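All of these numbers come straight from a predicted model, not from anything done at the bench. Count residues from 1 along the sequence.
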Amino acid sequence: MPSLQLNPQAPTFSVSKWLKHQVLLDFPEMEELCRHLAPFHFFNVSEIKSLEELEVSTENFLKSYQDYIETLKAGRVPLDRQIQRNFSCALTTDPNTLYAHAIGSEKYMAKPLKPLVQMQQHRFFPSKTAGTINPMVMSHESIHWGVQLAYPQIFFDGAAYSKVSDQTLFPNTALFTKLVKWLRSAAVPTTFVWDGKKIPTPIRLGKQCFSWIGNHAQLKQQGIAIHVY
């Protein structure tokens with residue numbers, strides 16, 4: 001595993017105009033996505049770790065995701081704290097887009113130098129009153145639905161704004177483009193059925209999930225079904 005730079009002269013920057021994709025994939029689909037995107041790296045960007053633990057191996061990430069999917073298939077509800085820890089990470093093709101920020105003795109946090117593909121756990125909140133499905137709402141009633149993958153479109157380096165379309169300056173632009181293209185072929189926008197009403201959404205569902213999504217405990221508790229095309 002590559003080592004991150006230690007506390008370089010990190011630029012002050014900000015990003016904006018995020019493109020976000022929420023998706024629930026079956027485990028074999030997530031395996032295929034990782035193969036499709038390779039070579040790339042996962043980094044933990046939410047916890048203080050030793051230098052060696054900042055990078056998350058693809059194998060460890062996939063094991064965590066497999067456990068998550070098996071829990072859903074078995075009709076159980078995943079543990080929020082465990083998912084938050086396992087799925088809060090960043091994807092990059094170039095470890096030089098991050099650095100290790102020292103926090104105390106031999107402890108670090110991975111920080112970005114350039115835009116990264118951000119991954120988070122995804123849950124949505126179904127509002128019966130409004131008849132809507134609201135993504136990325138982390139309430140007690142929210143329903144587990146895979147991950148959100150996001151990437152910014154605007155980069156500010158402290159002096160000037162620029163778009164991230166230049167792949168020589170922003171190496172993860174190509175990674176996100178490749179990811180989105182794969183998602184559009186392997187997963188479909190989900191239409192939920194609630195009290196007989198169809199609710200179309202941009203939230204995606206992997207094609208291999210249709211065979212077991214009826215086991216999803218939280219969907220059953222709410223009386224929500226998935227429209228099969």
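The aromatic rings of F42 and F40 sit perpendicular to each other, their planes meeting at more than 60°, with 30° as the lower class boundary. Ring planes of H41 and F43: tilted class, angle from 30 to 60°.
When ring centroids are compared, F192 and F124 come within the 6.0 Å threshold. Between Y65 and F87, the distance from one ring center to the other falls under 6.0 angstrom.
Proximity of a side-chain donor or acceptor of Q22 to a complementary backbone N or O of M136 within less than 3.5 Å is not detected. Counting only distance, with no hydrogens or angles, the side chain of N86 and the backbone of F61 share no donor-acceptor pair below 3.5 Å. Within the 3.5 Å criterion, the main-chain N or O of V164 finds a donor-acceptor partner in the side chain of T173. Listed for the D94 side chain is a donor-acceptor partner under 3.5 Å among the backbone atoms of N96. Under a 3.5 Å cut-off, the side chain of W194 and the backbone N or O of Q222 do form a donor-acceptor pair. A donor-acceptor pair under 3.5 Å is formed between the side chain of T190 and the backbone N or O of I203.
Between A187 and R204, the shortest heavy-atom distance links the atoms O-NH1, 2.5 Å. Pairing each heavy atom of S139 with each of R123, the nearest pair is O-NH2, 2.5 Å. Across all non-hydrogen atoms, the minimal contact from L19 to F176 is O-CZ, 3.7 Å. The minimum heavy-atom distance linking V117 with L149 is given by the pair CG1-CD2, 4.4 Å. Listed here is the closest heavy atom pair of Q118 and A90: OE1-CB, 4.2 Å. Of all non-hydrogen atoms in Q121 and M138, the two that sit nearest each other are O-CE, 3.3 Å.
Taking a 6.0 Å sphere around NZ of K178, one finds it holds more than 12 heavy atoms contributed by other residues, nucleotides or ligands.
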